[in-house]
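So the structure is just underneath, and the comments pick up after that.
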Amino acid sequence: MDKDIDESLICKICGGRLIGDPERGEAFCEACGYILDEHIIDPGPEWKAFDIEDKEKRVRVGSPITPTLHDYGIGSEIDYTQDSTESVGNKYDALRIWQKRLRTSSPAERSLAYALSTINNLCSSLKMPSVVAETASRIYRQLQKKGIVKSRSVSKVTAAIVYLSAKIHEVERSAKEVSEAAGIEVKALNKYYRMIASEASVDHLPLPTVEKHIARLANIMKLSPKTERLALQIFKATKSISIHDGKSPNGLAAACIYIASVINSENLPQREVALAADITEVTVRHRYKEILDNYVIRQKLKPQRSVNNRDAN
DNA sequence: CATTCGTGAAGACGAAT
DNA sequence: ATTCGATTTCACGAATG
């Protein structure tokens, strides 16, 4: 049964047999106890570059690092068994102590570890892609360095950071959703969000989001592609005039969808779009009335009647 | 009956003072 | 810090089909 042992299953130190799976870094030598690698190596892609920053930062070495762990997942401890019998053993004892201190003993590190696990929990309960948690973790580190998080509620700070991170990655959730998942007040979330958004060095929040709201709402209420396209069309057509200023993007998106559904005779109840957009029917009514008051919606059955753009400038 | 529409009062928020 | 204006929400009733 030894014949199917290949080269990689031989211990490089003593020539003994390796137990386990060396491909995943989980193997150790039967004879001398040598551990091939103490890390579990993800055999998948070593890193994913979501943006330029990631491309610069990630190196093609070692197990994938992640900002979501307080030591970036690269923590290791100096083995007690190795070298401890040599004359320099005391040196290693000292190193071991220092390493322990650096890893978990400083208050900053401890709170960081706690905050990052809070972030991870929040992101997973909101079903967000892992990149959101990673960005959130990076932001948290930034703010901790600047002393922003000191003496502030961890749950509120982390919630606000996740909220911001979701915006950055264009998987925005409503303030209500995030605050519920974090177990804090919506008002507190917004307060901390404002503070954090101004402190964190986030270059550009991705553009205004009415179009994205339409796409998101269309997605969650399973709108027909036809209606979604029409809703977008309506928004673009009405965008130029002043009626959109200062209105909530949600309301605009909901109104466009509602109008589109009526035109396509899908006739969604206002209640449904309002519910999906997390606003009230009244707001939907206001927006859609404004749009109808200012624009003539051309019936598609009689396209020859009206002209395309009555409002050139 | 369900849905839609209109309205005043009230809360929340941002801008201006 | 307070005031003011606009927006959104709530609560209600009426109109529509």
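In the text below, chain A, chain B and the rest are named by the order of the sequence lines, each starting its count at 1.
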Between protein and nucleic acid, restricted to nucleotides 3-9 of chain B and to nitrogen or oxygen atoms under 3.5 Å apart, what atom pairs and distances do you find?
unit_1	atom_1	unit_2	atom_2	d
B/dT4	OP1	A/Gln270	N	3.4
B/dT4	OP2	A/Gln270	N	3.0
B/dC5	OP1	A/Tyr288	OH	2.3
B/dC5	OP2	A/Gln270	NE2	2.3
B/dC5	OP2	A/Tyr288	OH	2.9
B/dG6	O6	A/Arg285	NH2	3.2

Exercise. Among pairs that include at least one residue of residues 265-282 of chain A, which meet salt bridge (charged side-chain N to carboxylate O under 4.0 Å, His left out), considering only residues two or more places apart or in two chains?
Worked result: A/Lys176-A/Asp278, A/Arg271-A/Glu281, A/Glu281-A/Arg285

For this session: Report the residues that fulfil ring pair (Phe, Tyr, Trp, His ring centres under 6.0 Å) with A/Tyr288, sequence neighbours left out, ordered by chain and then residue number.
Result: A/Tyr258

For this session: Mark yes or no for whether A/Arg152, through its side chain, and A/Val157, through its backbone, hold a donor-acceptor pair below 3.5 Å.
Result: no

For this session: Would you please name every residue forming a side chain to side chain donor-acceptor pair (under 3.5 Å) with A/Ser155, sequence neighbours left out?
Result: A/Ser153

Exercise. A/Lys176 has an atom NZ; how far is it from atom P of C/dT9, in whole Å?
Worked result: 10 Å

Exercise. When you check the phosphate oxygens OP1 and OP2 of C/dC10, does a side-chain N or O of A/Thr280 lie under 4.0 Å from one of them?
Worked result: no

Exercise. CD1 of A/Ile279 versus C1' of C/dT7: gap in Å, rounded?
Worked result: 12 Å

Seminar exercise, completed: Taking a pair to mean Watson-Crick or G-U wobble geometry with both distances below 3.5 Å, B/dC13 pairs with C/dG5

Seminar exercise, completed: Residue pairs meeting ring-ring contact (aromatic ring centres under 6.0 Å, His included), one or both in residues 114-141 of chain A, sequence neighbours left out, come to none

For this session: Rounded off to whole Å, could you give me the NZ-to-P distance for the A/Lys247 and C/dG5 pair?
Result: 17 Å

Exercise. Taking only residues two or more places apart in sequence or in another chain, which ones pass side chain to side chain donor-acceptor pair (under 3.5 Å) with A/Thr280?
Worked result: A/Thr283

